[in-house]
Amino acid sequence: MQAGSGGSTTSQAGGSSTSGGGSPGSRPSSSTPTSAPASFRVGITSYRWSEPGGVTVNPQTGGALPGRSLTVEIRYPTLEGGTATETSAATPASRFGPYPVVVFAHGFETMPATYAPLLDAWVKAGFVVVSPVFPDENEVTVQQDGGFQSNAVATNLESDEVNEPADIAFVLKQVEALDSKGSGALVSGLLDMAKVALAGQSDGANVVAGLVFDSRFSAQRAELPVAPKAVAVLSGEPFQEEGDSYSASPASPPVLFVQSNADTCNPPEQAALLYTDLAGDPFRWFVELLGARHLPPYIGVPPYSAIVTRVTTTFFELELGWHAKGLSGSSVTAAGTSPGLAAVYGSSLPPIPNPADLGCGPPPPLPG
């Protein structure tokens, strides 16, 4: 475990894309060296950082406690280790970098490791994945205080998600400092901080969408040291408290939604509502998984996990300019389409179905 801190220059979140949801878009040639391997191995390291002025939640009372510390896992490309393992402190494959960065926010009562099959797939494709462990919503904390079935505790702990947009901004500042040459960190010089995407699942999806598109978090957005170039909202929904207001513009980063029409945890109509709120963003995709449950598509459970891995990786490659030669908006659409399993809606594509038609109830049997 290592500790570190660092300041950074701030900028407002935003960006633009030349891609379109279903129509081809021109992209710059890939920045990936031609000699890079087709698939990397996965190295992993972790850090523990204390966030000045932060608070955590007392799960029994819902009250705020002073102090906020975050464990942050960083997965990165390496040539060491096995194809199906993560190797701690492995030597980074620096000569093929720097690599684009994906910051991933986990959901309630999970850990970054819960999503290891998906996160590792991104690393193998050539991305560095930064995953904070949120102090109140992680699996260990929730289970220590009664688990999800303990409604009072769950409600108090889950309310911490409104503090997590600030965590993302804080973590990015620390990562930027780690990447600085001469910092002595294992990942020094490994990250391309000009190419950053945000992703999250469930509550984590709510957090990244709120950070980038919700007016309530404009102050936290201004603290981001870099403007994200892409956002992936995986089974998420909008915050719906007083003061929440979502909007997007042509300058907003492209956004990919993945949502099951049978999700009984984060209802699909809420994801559709958020998608509609961001109508000002010309580069949006909505991948509808047909009959999947809430978590399995993101933790390696077939058949939907392969679709999620394929479409998210293609989306990041396109929007972060990594292995992007020959890719376009239609590449994302093709990656997310699977007859009987997944359909894609978005810019230049058929309109998203009426939210009421997406359904919310027990999932039907898997095809076949």
Side-chain angles (χ1 to χ4, degrees), residues 19-23 107 115 117-118 121 197-206 208-209 213 230-238 246 248 253-279 281-316 318-319 328-368:
S19 67
S23 58
Y115 306 88
L118 179 60
L198 304 183
Q201 194 271 333
S202 193
D203 283 3
N206 308 349
V208 298
F213 299 109
V231 180
V233 179
L234 310 178
S235 295
E237 60 187 4
Y246 289 80
V255 57
L256 172 72
F257 289 83
V258 181
Q259 175 68 46
S260 173
N261 66 352
D263 190 336
T264 59
C265 187
N266 277 27
E269 58 266 28
Q270 292 300 317
L273 176 63
L274 179 56
Y275 177 88
T276 302
D277 286 342
L278 304 184
D281 192 329
F283 306 115
R284 296 174 299 151
W285 292 263
F286 192 103
V287 180
E288 181 188 10
L289 302 179
L290 308 176
R293 294 182 181 274
H294 180 66
L295 184 60
Y298 310 102
I299 62 174
V301 180
Y304 302 99
S305 59
I307 300 168
V308 171
T309 297
R310 185 172 63 240
V311 71
T312 54
T313 301
T314 303
F315 174 66
F316 293 142
L318 173 66
E319 299 303 344
S328 68
S330 59
S331 303
V332 179
T333 301
T337 301
S338 182
L341 292 175
V344 183
Y345 309 88
S347 306
S348 303
L349 291 168
I352 187 172
N354 185 311
D357 295 335
L358 288 177
C360 183
L366 294 177

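Owing to the predicted nature of the structure, the values given are computational and were not obtained by experimental measurement. Residue numbers start at 1 and run along the sequence shown.
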To the nearest 0.5 Å, tell me how far [X] [atom1] sits from [Y] [atom2].
X	Y	atom1	atom2	result
Ile299	Leu118	CD1	CG	10.5 Å
Ser260	His294	OG	NE2	10.0 Å
Thr276	Tyr246	OG1	OH	13.5 Å
Ser338	Tyr304	OG	OH	9.0 Å
Leu341	Leu290	CG	CG	7.0 Å
Arg284	Tyr345	CZ	OH	14.0 Å

Taking side chain as C-beta onward, heavy atoms only, is [X] less than 4.5 Å from [Y]?
X	Y	result
Leu289	Val287	yes
Leu234	Thr312	yes
Ser331	Phe315	no
Glu319	Pro253	no

Under the criterion side-chain contact (heavy atoms from CB on, under 4.5 Å), I'd like the reasoning laid out for Val255 against Val233: C-alpha separation, chi angles, the key distance, then a yes or no. CA-CA 7 Å; Val255 57; Val233 179; 4.0 Å; yes
Is there a donor-acceptor contact under 3.5 Å from the side chain of Asn261 to the main chain of Gly291? yes
From the list Leu274, Asp263, Asn206, Leu273, side-chain contact (heavy atoms from CB on, under 4.5 Å) partner of Glu237 resolves to Asn206
Taking every non-hydrogen atom, the tightest pair across [X] and [Y]:
X	Y	value
Ala342	Gly336	CB-O, 3.3 Å
Ala199	Phe316	CB-CZ, 4.0 Å
Gly107	Ser202	CA-CB, 4.2 Å
Val311	Val332	CG2-O, 3.6 Å
Pro254	Trp285	CB-CZ3, 4.3 Å
Gly300	Pro117	CA-CB, 3.9 Å

As a quick check of understanding, evaluate side-chain contact (heavy atoms from CB on, under 4.5 Å) for Asp281 and Phe213, giving each step before the final call. CA-CA 10 Å; Asp281 192 329; Phe213 299 109; 4.1 Å; yes
Are Tyr298 and Ser235 close enough that a side-chain donor and a side-chain acceptor fall under 3.5 Å? yes
What do you reckon, are the aromatic ring centroids of Tyr275 and Phe257 less than 6.0 Å apart? yes
Start with the C-alpha gap between Leu295 and Tyr115, add the side-chain angles, then the distance that decides, and say whether side-chain contact (heavy atoms from CB on, under 4.5 Å) holds. CA-CA 9 Å; Leu295 184 60; Tyr115 306 88; 3.8 Å; yes
